[in-house]
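Naming convention: chains lettered A, B, ... in sequence-line order (proteins, then strands); numbering from 1 in each chain.
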Amino acid sequence: MTPTPLRLFNSYGRELRTFTPIDPGAVRIYSCGPTVYNYAHIGNLRAYVFVDTLRRTLAWKGYNVVHVINITDVGHLTSDADEGDDKMELSAERQQKTVWDIAEHYTQAFKSDLSRLNILPPSLWSKATDHIQEMIDFARHLETHGATYVLEDGVYFDTSKVPDYGKLGLLDVEGQEAGKRVAGVEGKRNPTDFAVWRFSPKDKQRLMEWHTPWGIGAPGWHLECSVMAMKYLGRQFDIHTGGIDHRQVHHCNEIAQNQAFTCSHDTGANWWMHNEFLVLRNEGGTEDEKMSKSKGNFLTLQTLIDRGVHPLVYRMFLLTASYRSSLEFSWDALAGAGAHLRRILLKIDRLKAEVGPADWLRVADEARFQSGGPFDYIRAALSEGLSDKALRYVADLDAAVAEDLHTPRALVALGELLDDKALTAEEQLRLAALADLLLGLCLLVTTAADLAIRPADATITEEDIARLIQARTDARKAKDFAQADALRAQLTEAGVEIKDGPQGTEWEWMLARR
RNA sequence: GGCCGGGUGGCAGAGUGGUCAUGCAGGGGAUUGCAAAUCCCCGUACAUCGGUUCGAUUCCGGUCCCGGCCUCCA
């Protein structure tokens, strides 16, 4: 099998480029993480499934990966007009907790979401508040390079001091009208200038503030990423990821800070990659809208689970689209992904029964416990003895992800190989395990039955279900099919699906369908 | 207002200058007491109007509609 060279879309320049790491020993990745003042919504989580696909693809291609995700636990202002309150503080006040409790709670919730989605943990989590000293030092450094100036309410970055400001976002700096949507800050030299440090109001102590050479206040939110990425990954690393909304502002500003810091044209990362949004249709309307924490129109992973949707079904749903296309959320589409995944798992259940236990099957599971190592040895173990025909599917999978992480194509390949009668059962199972290295759907360790989870609003008890099923079995024995069908209808009504097999009648919660 | 990106069958979503996406849903059949699962079969979708071309859903231009960013946000 000839591997397809990995090509990744670089937002910086907007082009597909063949990936080559700076250091062949390890690919360094930085991902913008969450601000931990609320639960992550399922749109936020798309960003991390995307990065996970990137990491799996790199591991599949034989690379070591060092991956940093930051936790923003510094409150940033809810808006320019709303000074004094910040998100962390608001959240703390509302819940009568300290900001540290808030940060800890939502950080844990976030990590738990990633784990439920089978996302490989990063090599390092880095918290903004652990890097205050470094942020001050960094800002000072910028100052000595003449890239900042001080205004009444903060230290500002002068974006005219940097070459090509806004190139990543294709910003038309000249054409931007300052304050078009928001009252601009008095005294800014350029509309695109941004705060490196924001001073606290003179008359009010904020819950989170720090002393600096310029005054008391909190770091601007672009600062932390520049500082932490540089600290852990170096002045120039391989890939920086984030949501598409960061392309025009946050990342442009990060790049500007990096360039001013290093006095160079280097942006800080060779690849800047951005995932598109998950969008939600307006209530009753035809217009789509992104999910947004501040707008409150969001769904959490837990909401999905409460409605009987397994987290891996959500992951499956995300994989049906390219990370660079916006994806329309609907319960129908989600149910479709669930039905699809369920069918795949049923097939794999059958294959497992046919093939029986094997050492290579145990190896397949090890990918779940990797945290940055290449998948080479796993691929080797799984690929042993594959026919040419089977190897062509491996090449298909490889080509799919090599083309900018094209998971929809990988799913097509998976569907085809599970259908291909020219393959042996063992080959199909080995190939499914190989595909799962890239997809991360836990195909070999999850069963179709696992997907069916009890919806939070289910009222019937397991005991009642068992009783009804027994009654139906008795009715069937007595050939009272009318009674048997009535009992089935009763169970269906309660959200329970039953099926008669050779081992008797089994039941499952029906997959959530709105 | 400026900049960027879209509009593909019932739904989601690939892709391409000229016979195929795929999945889900739906229809028909086999099988089943009925179902489930499985197997077989089934759909002239490419916003719109012009242009280029032997040929355009795919290239170019106009129009309409939608989204993102310009404010914290994946």
Side-chain angles (χ1 to χ4, degrees), chain A residues 14 31-35 37-38 40-51 72 75-82 86-87 166 169-184 191-192 221 241-250 252 274-279 286-295 298 316-317 320-344 346-347 349-350 406-409 411-416 448 476 479 481-482 484-485 488-489 492 497-501 505-508 513:
Chain A
R14 307 281 161 102
S31 300
C32 281
T35 303
Y37 70 98
N38 201 339
H41 59 64
I42 57 175
N44 295 135
L45 294 171
R46 186 180 188 193
Y48 306 97
V49 170
F50 147 60
V51 178
T72 300
H76 294 295
L77 298 179
T78 47
S79 80
D80 280 349
D82 191 13
D86 76 32
K87 292 176 181 174
L170 301 182
L171 300 187
D172 174 11
V173 176
E174 305 290 310
Q176 275 202 340
E177 290 181 56
K180 186 71 196 177
R181 290 181 58 199
V182 150
T192 47
W221 86 292
T241 75
I244 190 90
D245 54 329
H246 286 154
R247 198 173 58 183
Q248 270 98 330
V249 179
H250 178 49
C252 285
H274 299 95
N275 62 280
E276 257 290 354
F277 279 129
L278 181 75
V279 296
T286 55
E287 289 166 20
D288 294 336
E289 197 173 39
K290 68 168 184 168
M291 283 194 191
S292 157
K293 277 195 205 178
S294 46
K295 282 187 189 162
F298 68 85
M316 178 71 173
F317 171 65
T320 60
S322 148
Y323 76 90
R324 281 205 286 136
S325 307
S326 62
L327 172 60
E328 183 139 354
F329 178 86
S330 71
W331 292 99
D332 256 10
L334 199 59
H340 187 189
L341 180 58
R342 178 162 184 275
R343 224 166 50 77
I344 289 170
L346 282 169
K347 172 75 180 181
D349 285 348
R350 266 177 272 129
H406 209 315
T407 50
R409 255 177 75 191
L411 285 172
V412 169
L414 175 63
E416 284 174 355
R476 289 177 73 214
K479 301 264 184 227
F481 293 123
D485 289 348
R488 172 197 288 284
T492 303
E497 180 164 74
I498 54 177
K499 47 239 180 138
D500 303 319
T505 301
E506 294 179 346
W507 70 273
E508 272 178 17
R513 173 168 293 275

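- Residues forming a side chain to side chain donor-acceptor pair (under 3.5 Å) with A:His340 (at least two apart in sequence, or on another chain): none.
- The partner of B:G23 is B:C11, judged by Watson-Crick or G-U wobble contacts that both fall below 3.5 Å.
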Letter by letter from the 5' end, nucleotides 28-37 of chain B scores (B base, S sugar-phosphate only, - none; protein heavy atoms under 4.0 Å) -----BBBSS
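- When both pairing distances are held under 3.5 Å, B:U31 makes no Watson-Crick or G-U pair with any nucleotide shown.
- Among the protein residues, A:Ser322 comes within range of the sugar-phosphate backbone only, with heavy atoms under 4.0 Å from sugar or phosphate atoms but none that close to a base.
- Using a 4.0 Å heavy-atom distance criterion, A:Leu411 is classed as making no nucleic acid contact.
- Remark: A:His250 engages A:Trp221, A:His222, A:His246 in a ring-ring contact (aromatic ring centres under 6.0 Å, His included) (not counting sequence neighbours).
- Residue A:Gly415 is classed as having no contact, given no heavy-atom separation below 4.0 Å to the nucleic acid.
- Remark: A:Thr505 engages A:Asp500 in a side chain to side chain donor-acceptor pair (under 3.5 Å) (not counting sequence neighbours).
- Contacts of A:His274 with the nucleic acid, taken as non-hydrogen atoms under 4.0 Å apart, are absent.
- Across all strands shown, B:G1 pairs with B:C70; the Watson-Crick or G-U wobble distances both stay below 3.5 Å.
- Partners of A:Phe317 by ring-ring contact (aromatic ring centres under 6.0 Å, His included), not counting sequence neighbours: none found.
- In this structure, the side chain to side chain donor-acceptor pair (under 3.5 Å) partners of A:Thr241, at least two apart in sequence or on a different chain, are A:Ser31.
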